[in-house]
Amino acid sequence: METEKDLNLEATELRLGLPGTSNESAKNTTHRSNKRALPEQPMSANIDTASKNCDQETAQHTKAQVVGWPPIRSYRKNCLQPKKSEAEMSGIYVKVSMDGAPYLRKIDLKVVKGYPELLKALEDMFKFKAGEYSEREGYNGSEFVPTYEDKDGDWMLVGDVPWEMFTSCCKKLRIMKGSEARGLGCVV
Amino acid sequence: MLWGSRKTINMNYFPDEVLEHVFDFITSHKDRNSVSLVCKSWYKIEKYSRQRVFLGNCYAICPERLIARFPELKSLTLKGKPHFADFNLVPDDWGGFLYPWIKAMAKSRIGLEELKLKRMVVSDESLELLSKSFPNFKSLVLVSCEGFTTDGLAAIASNCRFLRELDLQENEVEDHRGHWLSCFPESCTSLVSLNFACLKGEINLASLERLVARSTNLKSLRLNRAVPFDTLQRLLIRAPQLVDLGTGSYVHDPSSEAYNKFKAAIQSCNSIRSLSGFLEVAPRCMSAIYPICENLTFLNLSYAAGLQSNELTKLIQHCRKLQRLWILDCIGDKGLGVVASTCKELQELRVFPSNPFDAGNAAVTEEGLILVSEGCPKLNSLLYFCQQMTNAALITVANCTNFIRFRLCILDPIKPDPVTNQPLDEGFGAIVRSCKGLKRLSLSGLLTDQVFYYIGMYAKKHEMLSIAFAGDSDKGMLYVLNGCKKLRKLEIRDCPFGDAALLEDMGEYETMRSLWMSTCDVTLGACKMLAKKMPNLNVEIINESEQTESNLDDSQKVDKMYLYRTLVGHREDAPEFVWLL
């Protein structure tokens with residue numbers, strides 16, 4: 001509890017993903033997506049004549065979008081927008097099966113933005129614990145191992161490749177259990 | 001002095017018919033208005049010979065008075081909502097209803113033949129009444145209107161026996177899945193122009209083909225997204241005489257039979273001068289239209305979001321006679337360079353944003369605009385959405401002195417010159433100083449009162465000015481009102497202009513069509529005073545908050561004010577949220 005904090009376990013924490021990637025990249029993506037919704041902050045903060053405008057505008061810019069700006073007819077906006085939001089809204093849905101479960105589920109890989117969230121989502125969905133991932137030993141400390149079928153039809157361990165590569169080649173997810181799992185989990 | 005010796009010809013010796021014949025040659029509305037002011041006899045002759053009327057604000061006069069004034073009316077153009085309604089600044093139900101006009105004209109047995117509407121609310125009921133009341137009705141053009149469904153179109157198709165033109169531009173039309181197109185009777189062969197590109201629903205393709213086949217005078221055909229590629233190809237075979245084509249879906253397989261047939265069909269369409277559509281477009285399929293590009297004068301690819309810059313530029317390289325080009329900003333600055341070197345006849349350029357809400361990523365900058373202004377000496381009309389603009393660029397662009405319309409929209413509305421960090425006052429100043437014929441100007445970017453000083457000083461022919469997020473004080477607005485004596489429409493949003501500016505020269509507003517001010521510093525009290533002192537103006541407040549007129553203090557700022565000159569006082573159809581002062 002307190003001792004854990006003192007030990008700064010974060011520095012030695014085992015994480016999914018390649019060395020060098022961290023939660024910061026996840027933070028960056030959310031930050032970027034927030035920025036997209038807002039018009040850019042005015043860069044003119046250091047100009048005296050503009051400072052009055054600046055205050056006025058910064059207040060307005062805290063709205064998600066300025067109403068009626070840019071000045072484009074709704075008809076035109078609606079023609080172009082749907083294309084964009086369609087692309088954003090069409091998720092990457094993959095089937096998830098778990099050994100012994102009576103039916104399959106589906107999960108949107110676009111919504112979970114990385115491996116930690118994916119594992120958490122799977123754990124919540126099927127009520128299990130995946131154990132700790134390490135490149136050397138796979139998933140330690142559990143009977144359950146998340147795997148996926150890739151484009152070539154091979155069954156791979158979830159977590160070995162970068163997240164973007166994973167989302168593009170993952171066709172199906174399967175949570176393996178028991179002896180099969182142990183075979184996959186041990187990489188000697 | 002010379003009275004006795006001058007030989008004068010008294011026009012009144014001529015019979016009315018001769019004067020009428022002379023007046024026939026006077027077509028401009030302004031000139032005809034002047035003619036009617038000369039004397040009573042000219043007024044009377046002009047009144048009975050006037051067939052075309054343009055009403056820039058449908059609330060400036062009521063239908064009954066218009067009909068009494070021009071009983072031989074045949075062609076009417078009406079505009080309803082204020083311009084900023086296009087950008088969602090005016091709530092629904094504000095007004096601009098067509099029905100009362102149709103009802104009045106039907107009752108007075110006006111021989112209406114043409115109706116052109118912009119930003120009006122058009123109900124199915126009004127379309128039906130229209131279709132049944134005017135036996136010689138020939139032309140219906142609806143731009144940026146709403147309130148009707150395909151049922152209303154069905155009524156037009158069924159009942160207007162001599163219909164020549166049905167032109168629907170950028171309207172919000174509810175699709176009721178009726179087969180409106182099939183309602184054109186077999187006997188209807190008079191169509192010259194059919195534009196239904198803005199409709200979202202399915203179309204009976206067989207009916208369309210039969211209609212096009214029997215409309216031998218058809219010159220203009222613009223299809224909607226639901227018309228597939230192979231239908232397009234069959235339509236072209238039936239109508240090789242087309243002058244204006246808007247494709248629907250342009251998605252096809254380059255190796256297919258339909259594509260080969262299309263290539264053959266389009267080759268015979270050597271009258272096509274205007275091309276638009278491509279509402280759905282597959283990449284790398286545009287080479288089929290290269291054969292007709294040589295003769296194009298108008299090209300509108302502003303809805304073709306599927307085309308990349310290199311395809312666009314390859315296409316444009318074939319369009320050497322282009323006079324008007326509407327395009328998306330994904331063409332990029334380099335692509336605009338290709339436009340500049342190819343389209344030497346270019347007069348009008350519109351560059352629309354493909355990602356309107358992504359202020360960091362518009363694909364064109366001041367570079368593209370410089371290239372076009374330097375390469376296209378005939379350029380006189382511009383609408384340009386861009387990422388950024390510099391004073392230096394605008395000063396260069398000002399060398400192109402022919403501009404009549406100059407509308408610049410920087411996606412970040414208060415962005416300064418990114419190189420110098422200065423406001424864009426000097427750049428726009430150069431534009432208004434050099435372009436002496438400038439009639440319409442829209443400003444954006446960081447702007448102080450200085451730009452309005454320049455506008456007031458130099459923009460003598462200005463008729464329409466759109467201002468957003470600009471200026472520092474009342475002085476800005478005053479420069480404009482004092483300097484631009486030909487101003488007809490002034491629309492302002494989010495500027496620090498207040499009561500002093502509004503009330504300084506109230507008489508000015510009677511020489512203008514309308515003034516819009518939203519999110520400025522104008523108070524309710526000032527608006528009330530203006531309304532009281534100027535009985536020929538309607539001062540309307542649009543109030544979308546919960547407060548009622550009695551709750552609001554005179555010193556409180558109004559959110560939206562719209563005033564316009566009128567001959568008939570308060571309108572009767574204003575909704576609750578519009579206060580008529």
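Here the structure is a predicted model, which means the values were calculated and not measured.
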ask   = Checking A:Arg76 side chain against B:Ser302 main chain: does a donor-acceptor pair fall under 3.5 Å?
value = yes
task = Any chance you could measure A:Lys77, atom NZ, to B:Phe87, atom CZ, to the nearest 0.5 Å?
result = 9.0 Å
query = Is it the backbone or the side chain of B:Glu172 that comes under 4.5 Å from a heavy atom of chain A, or both, or neither?
reply = side chain
message = Can you tell me which portion of B:Leu328 sits under 4.5 Å from chain A's heavy atoms? Options are side chain, backbone, both or neither.
response = side chain
ask   = Taking all atoms of both residues into account, what is the closest heavy-atom pair of B:Ser144 and A:Arg73, and its distance?
value = OG-NE, 3.6 Å
request  = Dump the intermediate steps for side chain to side chain contact (heavy atoms under 4.5 Å, CB included) on B:Asn88 and A:Ser74, then the final yes or no.
outcome  = CA-CA 7 Å; B:Asn88 297 340; A:Ser74 316; 3.0 Å; yes
Closest-packed option against chain B by number of heavy-atom pairs under 4.5 Å, given A:Gly68, A:Pro70, A:Pro71 = A:Pro71
ask   = With only heavy atoms counted, which part of B:Phe84 is less than 4.5 Å from chain A, the side chain, the backbone, both or neither?
value = neither
task = Please state whether the side chain, the backbone, both or neither of B:Ser442 comes within less than 4.5 Å of a heavy atom of chain A.
result = neither
key: B:Tyr453 OH: over 12 foreign heavy atoms closer than 6.0 Å   = no
ask   = So which heavy atom on A:Val66 is nearest to which on B:Arg493, and how close?
value = CG1-NH2, 3.4 Å
task = Below 4.5 Å from any heavy atom of chain A, which atoms of B:Asn171 appear? Answer side chain, backbone, both or neither.
result = backbone
inquiry  = Would you compute the distance between atom CG of B:Leu411 and atom CD1 of A:Ile72 and round it to the nearest 0.5 angstrom?
reply    = 7.5 Å
Close side-chain approach of A:Asn78 and B:Lys200, heavy atoms under 4.5 Å = no
A:Trp69 to B:Ala468 - nearest heavy-atom pair and separation = CZ3-CB, 3.6 Å
